[in-house]
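Have a look at the structure below, then the notes.
Predicted, not measured: the structure shown is a model, and the values here were computed from it. Numbering of ligands and ligand atoms starts at 1, following listing order.
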Amino acid sequence: MKEKLNQIREAALNAIDTATDATLEQIKVRYLGKKGELTAVLRGMGSLTPEERPKIGQLANDIRESIEAAIAKKVQEAQAKGLERKLRAEKLDVTVPGTALPAGHIHPLTKVRRDLEDIFIGMGFQVVEGPEVELDYYNFQALNIPENHPARDTQDTFYITDKILLRSQTSPVQVRTMEHRKPPIRIISPGRVYRSDALDSTHSPLFHQLEGLVVDKGITMGDLKGTLETFAKKMFGENTRIRFRPHHFPFTEPSAEVDASCFVCGGKGCRLCKGEGWIEILGAGMVHPFVLSNCGIDPEEYSGFAFGLGIERITMISRGIDDIRLFYENDQRFLNQF
Ligand code: PHE
């Protein structure tokens, strides 16, 4: 019987040694199970003498324990190997360089708006904003454009009600600013404006303007000229000159359209300036006394100047863009050039 038990031990340990995950359970059942070989041998214990019984019992227990231990060890080994395999398979090299995502672009209009802001901030201006949905009062009335005034026809306006509209210019921000601030005032106001124009290569029902306003004691046309000349040199180059052409705006008196010397040909005449040597860049003038008094500022004590420019126009001139629609179509082939 002893021999038989030792044979079982040897056979079981050998089998465990070469077992795989799948066969290990079968081996356990085969040797240790209720109908297993070890149990079968122990069933024959009845035929032993009382002296032999405990010895054989002891041996059988030892064998059971060593088989169980061998199985446990094998299971542990298999688990360790599995973990190792898993770790190797899922290895992550955190030092591998990442995949670069293509970076986006600042839209050319945004770029130019920021450049304009930087130039004027550098000259002591503050940036303020106003609403795009505006009262007729601020967009027209307070700017010396009463009802039925012909100037309203030049700015085809989107009306929401009789009194509410989409602002057709950034000039209402002048009024809003003067209403709640005392001079000295030195502000610019960039933003969207709306006119019911058909879309073509130079018109869009939505575009962007930048308004400028300075009000203080003793402000003169000379201050306006100096400011705009400094701006033009910073924007278009040090050699740029400007000229004023008489014009009319209801909210400025006197008024002017302002040209910059062509920065491509320097004034000789070329394709950009259409042979003129000059390019129109903005409208400007001395704030009309009516507008000042509409805002509670005494025109006897204070004077001011204002100007307004189209951001699309400035961008098109400075970047050689010949169609305004390109700004709004978001065609990457266009945008990626800036
Ligand atoms: N608001 C005018 C326009 O849209 C431009 C302007 C602004 C002219 C300020 C003079 C002074 O045409």
Side-chain angles (χ1 to χ4, degrees), residues 113 116 120 125 127-132 134-146 149-158 165-178 185-197 202-215 219-221 223-229 231-232 242-260 279-292 294-295 297 299 302-317 324:
R113 193 202 75 222
L116 292 166
F120 285 107
F125 285 74
V127 181
V128 302
E129 287 187 340
E132 290 170 31
E134 186 53 286
L135 293 172
D136 181 287
Y137 175 77
Y138 288 107
N139 196 79
F140 290 128
Q141 207 86 32
L143 288 166
N144 200 28
I145 313 175
H149 190 286
R152 291 195 179 214
D153 299 340
T154 64
Q155 300 187 1
D156 255 332
T157 311
F158 288 112
L165 44 76
L166 295 181
R167 67 179 180 187
S168 61
Q169 49 185 353
T170 42
S171 301
V173 186
Q174 288 186 36
V175 180
R176 288 183 172 273
T177 304
M178 286 190 278
I185 292 169
R186 213 185 299 160
I187 59 112
I188 52 165
S189 186
R192 295 191 188 107
V193 299
Y194 302 84
R195 289 182 197 181
S196 120
D197 286 327
T202 53
H203 295 86
S204 163
L206 181 163
F207 62 105
H208 301 77
Q209 285 189 334
L210 182 137
E211 193 82 8
L213 173 71
V214 171
V215 182
I219 297 292
T220 68
M221 198 103 175
D223 296 312
L224 172 60
K225 277 195 132 174
T227 302
L228 293 182
E229 191 171 272
F231 154 67
I242 56 166
R243 75 173 182 191
F244 280 42
R245 278 180 290 107
H247 197 73
H248 174 263
F249 297 106
F251 35 90
T252 47
E253 179 58 35
S255 303
E257 274 186 338
V258 179
D259 299 337
I279 301 171
E280 184 194 323
I281 55 168
L282 53 83
M286 302 307 291
V287 181
H288 197 293
F290 286 177
V291 177
L292 291 174
N294 281 343
C295 302
I297 292 176
Y302 293 102
S303 56
F305 66 75
F307 58 88
L309 57 80
I311 298 181
E312 274 81 350
R313 186 173 170 75
I314 299 289
T315 310
M316 288 168 81
I317 296 167
I324 200 171

Parallel under 30°, tilted from 30 to 60°, perpendicular over 60°: which one fits the rings of His247 and Phe249?
tilted
Between ligand 1 and the protein, which N/O pairs fall short of 3.5 Å?
residue  : atom  : partner : partner atom : Å
ligand 1 : 1 (N) : Gln169  : OE1          : 2.8
ligand 1 : 1 (N) : Ser171  : OG           : 3.0
ligand 1 : 4 (O) : Arg195  : NH2          : 3.0
ligand 1 : 4 (O) : Gln209  : NE2          : 2.9

Are side-chain heavy atoms of Phe231 and Leu116 found at a separation under 4.5 Å?
yes
Going by heavy atoms in the side chains, are Arg176 and Tyr138 under 4.5 Å from each other?
yes
Can you tell whether the side chains of Arg186 and Asp223 come within less than 4.0 Å, N to carboxylate O?
no
Say whether Thr157 and Asn139, considering side chains only, have a donor N or O and an acceptor N or O under 3.5 Å apart.
no
Apply side-chain hydrogen bond (donor to acceptor under 3.5 Å, both in side chains) to Glu211 and Gln174, showing your working.
CA-CA 8 Å; Glu211 193 82 8; Gln174 288 186 36; 2.6 Å; yes
